[in-house]
Structure formats: structure tokens, C-alpha cells
Amino acid sequence: MRVTRESELVEVVREATGPLQIIGGGTRPVGQVAGTSVQVAISGISLYEPGALTLIAGAGTLLRVIEEAVAAEGQRLPFEPASWNALLGTTGESTIGGVVAANVSGPRRIQAGACRDSLIGVRFVDGTGAVVKNGGRVMKNVTGYDLVKLMTGSWGTLGVLSEVAFKLLPAAPAQATLVMNVPLAQAATVLSKALGSQFDVSGAGWLPGVGVIVRLEGLADSVAYRAAKLAEGLAAYAPEILRAEGAQLWRDLAEVKPLQSARGDLWRFSVKPSQGPEIAARLGGQAVLDWGGGLVWARVPEGADARALAAPYTGHATCLRGPFATFEPEPAPVAALSRGLRARFDPKGLFNPGKMG
């Protein structure tokens with residue numbers, strides 16, 4: 001079923017007698033969930049104040065609509081959300097609620113933070129059918145549960161989002177991308193030096209066949225100066241440093257283009273940046289690095305447990321396509337907290353049961 005108003009969503013939840021599969025645009029079908037499908041199509045931008053860098057929209061609003069609206073005012077969502085359609089073989093369009101539920105965050109995360117860091121308010125329907133609101137139009141301290149952070153990345157297992165509020169940032173007037181054709185084995189050194197510099201890098205990753213790419217953004221004169229100085233500092237580690245316009249490279253990185261047509265199971269590792277290149281090498285090198293090496297996308301042979309291949313590592317793995325459980329098992333204390341939260345917000349176990357363990 002498809003709901004277009006919060007009141008309809010409340011009614012669906014209150015009358016539910018079995019599991020509900022909560023979906024937005026259907027572009028990130030991660031995990032196996034049985035139950036009645038509920039597509040959240042509560043859409044529309046209800047408030048946009050460019051002067052206050054604030055936007056509020058229904059959770060079912062298409063991401064594209066929001067990006068077009070803020071771009072017209074010279075602004076952007078800070079966390080650079082990307083489409084995974086080609087990577088996961090899905091159709092449809094991303095909704096802003098789906099982006100929040102999956103905490104989708106692109107290359108700019110290393111500078112601007114993740115989706116959860118830009119989210120300042122939520123409305124959602126809990127498992128009893130009650131409407132819950134947390135946060136608002138400005139950043140402020142909270143007491144009790146920080147539901148804004150809690151709902152981000154919960155994949156629809158704690159409640160069904162109906163509205164979200166974001167802080168925005170001005171779009172950068174200029175950018176420069178440095179391209180260094182260094183092998184995977186040297187990527188950690190170059191990425192570390194770039195991120196450890198004083199030049200405010202807004203993107204750093206490694207693409208097979210391209211090498212390390214590093215982005216700087218801001219005012220044109222500042223970008224030109226910082227790019228030149230950073231290139232000087234990296235010359236000892238990457239003798240040939242090219243300048244590129246960069247927009248397509250960053251789309252390729254955010255959308256993991258090198259792995260879109262590759263064969264095998266798809267995994268995603270969130271790890272210490274210094275470990276990223278080593279993990280990618282142990283996984284066979286069919287990989288893409290983002291977040292300065294802290295995010296590793298990889299294809300492995302079908303049925304292979306990428307966690308065993310990647311070990312040792314510090315972080316967690318997600319199996320997006322393959323025979324394994326999507327999310328790594330939580331340590332016992334964390335699992336106990338998760339069960340307690342689900343019991344509190346979804347006492348009947350309605351929302352996406354089994355999706356996150």
C-alpha cells in the first residue's frame with residue numbers, strides 16, 4: 001500500500017496485525033523483510049528558508065526535488081547523498097526519508113559529516129501509532145533520547161519517518177580535483193598526507209584505473225592556492241599529479257561506478273582509514289575507497305565471506321548482495337540496547353522485522 005498523508009500512516013500502523021515492510025523509493029532494498037509493503041509517499045517541501053539555511057520536507061519527497069530546490073538558491077545538502085540504483089540494480093528514485101533511514105553519506109562526509117550530522121528534526125510514527133516529534137528548525141540541546149540521531153541509519157526498524165528537517169550549506173563556488181595515479185598499495189600514504197594537511201580537503205578516495213583523487217572546494221582564489229600547495233606537498237609521494245574538473249569523478253566515486261557491472265557479491269566496510277587499502281588488497285583489489293580509505297566497497301567471489309578475507313580490521317561490514325546476513329552481529333551489550341530500543345518504539349515488532357538482526 002501507498003500512504004500520502006501522516007494520518008493514513010497512523011491508521012495503517014494502528015490497524016496492523018502483522019509485519020510491515022517500510023519502503024521509500026525502493027532504491028536500497030537491503031536485507032530480507034517479509035510483511036505488508038507500506039510505501040511512504042508523504043511528499044512536499046513544507047518550509048524552506050534560504051536565509052536560515054533550513055529545510056523541512058515530507059519523508060517521501062524525492063531527493064532530486066530537494067536538491068533542485070536548494071541548488072536554485074545556491075545551497076546544498078552538506079553530506080552529498082548518492083544514488084545506488086546502478087550498483088544495486090534497482091529502479092525508482094531515492095526519497096529523502098530513505099536517505100535518512102540508511103544514513104546515506106557521500107564523499108563530502110570527511111569534511112561536512114554524515115547525513116545524521118545535518119539532520120536537525122524528525123517526525124515519525126512509532127509502533128503504537130503515535131506521532132513523535134524531536135528536534136526542530138534550529139540546532140539545540142536535547143534531553144533523553146536524541147531521536148534525530150537514533151532514527152538516522154535505523155533502516156525503518158524503530159519508526160516510520162513522515163517528516164525531516166535539515167540544516168543546509170552554501171554551495172562552493174569553485175572546486176579543484178587532484179588526480180594521482182598511484183597503486184592501491186600506496187594509496188594509504190597519499191590519502192593520509194592529504195587529509196592530514198591544512199588545506200581543508202572535502203573528498204579523498206581511490207578509484208581503480210584512476211588512482212587517488214582529492215578534492216578542495218571554496219572561493220576560487222583559495223581553491224587555486226590550496227590545490228597548488230597541496231600538490232607541492234604530495235609531489236614526493238605521487239610524482240605525477242594532474243588537475244581535473246572532477247565532477248564526473250566524484251559521481252563515479254559516490255555511485256561506486258567501477259563495481260556496478262562487476263560480478264560477485266557486494267560488500268561495504270566502514271573501517272579505520274589507514275586500514276582501507278590493506279583490506280581492499282586482501283579482498284582481491286576489486287574495490288573502491290572513499291572517506292580517505294575509511295569506506296571500502298568491494299566485490300568478492302559469490303558465496304565468499306568477505307569478513308574472513310578482510311580480517312583483521314577495526315570496524316564493521318555490511319553485505320549488500322550475497323548469502324550472508326546484511327549487518328554484522330552486534331556485540332552482546334549493544335544487541336541488548338538495540339532490543340530495548342525496539343521494544344520501546346516498536347513493541348509489536350511491526351517495522352521491518354529481521355532487517356537489522
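- Using a 4.0 Å cut-off between a side-chain N of Lys or Arg and a carboxylate O of Asp or Glu, E67 and R76 do not qualify as a salt bridge.
- With sequence neighbours excluded, the residues forming a side-chain hydrogen bond (donor to acceptor under 3.5 Å, both in side chains) with S338 are E330, listed by chain and number.
- Annotation: salt bridge (Lys or Arg N to Asp or Glu O under 4.0 Å) contacts of R5 (sequence neighbours excluded): E8.
- Remark: the backbone N or O of G205 is not paired with any side-chain donor or acceptor of D290 at under 3.5 angstrom.
- Rounding to the nearest 0.5 angstrom, the gap separating the CG atom in L195 from the OG atom in S274 is 11.5 Å.
- V164 and V38 end up in different hydrophobic clusters when Ile, Leu, Val, Met, Phe, Trp and Tyr side chains are linked at under 4.5 Å.
- The CZ atom of R321 lies 12.5 Å from the CD atom of E302; values are rounded to the nearest 0.5 Å.
- E278 contributes atom CD, which lies 12.0 Å from atom CG of L283 (distance to the nearest 0.5 angstrom).
- Taking a 6.0 Å sphere around CG of L242, one finds it holds more than 12 heavy atoms contributed by other residues, nucleotides or ligands.
- By the criterion of side-chain heavy atoms lying less than 4.5 angstrom apart, applied directly or through intervening Ile, Leu, Val, Met, Phe, Trp or Tyr residues, F199 is not grouped with V223; the two fall into different hydrophobic clusters.
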Checklist entry - Between Q111 and S202, is a side-chain hydrogen bond (donor to acceptor under 3.5 Å, both in side chains) present by the stated rule, with each step listed? => result CA-CA 5 Å; Q111 180 195 57; S202 70; 4.6 Å; no

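- For the side-chain hydrogen bond (donor to acceptor under 3.5 Å, both in side chains) test, residues two or more places apart in sequence or in another chain that qualify with S222 are R226.
- Two rings, from F166 and F79, have their centers less than 6.0 Å apart.
- Annotation: side-chain hydrogen bond (donor to acceptor under 3.5 Å, both in side chains) contacts of R14 (sequence neighbours excluded): none.
- Formation of a donor-acceptor pair under 3.5 Å by the Q286 side chain with backbone atoms of V300 is not found in this model.
- To the nearest 0.5 Å, atoms OG (S118) and CG (L169) are separated by 6.5 Å.
- Scored by the side-chain hydrogen bond (donor to acceptor under 3.5 Å, both in side chains) test, R109 finds no partners at all (sequence neighbours excluded).
- Residues passing the salt bridge (Lys or Arg N to Asp or Glu O under 4.0 Å) test with E80, sequence neighbours excluded: R108, R215.
- The aromatic rings of F324 and W267 sit tilted relative to each other, their planes meeting at an angle between 30° and 60°.
- Under the 3.5 Å distance criterion, the side-chain polar atoms of D126 are left unmatched by any main-chain donor or acceptor of G159.
- The closest donor-acceptor contact from the side chain of S105 to the backbone of C115 lies under 3.5 Å.
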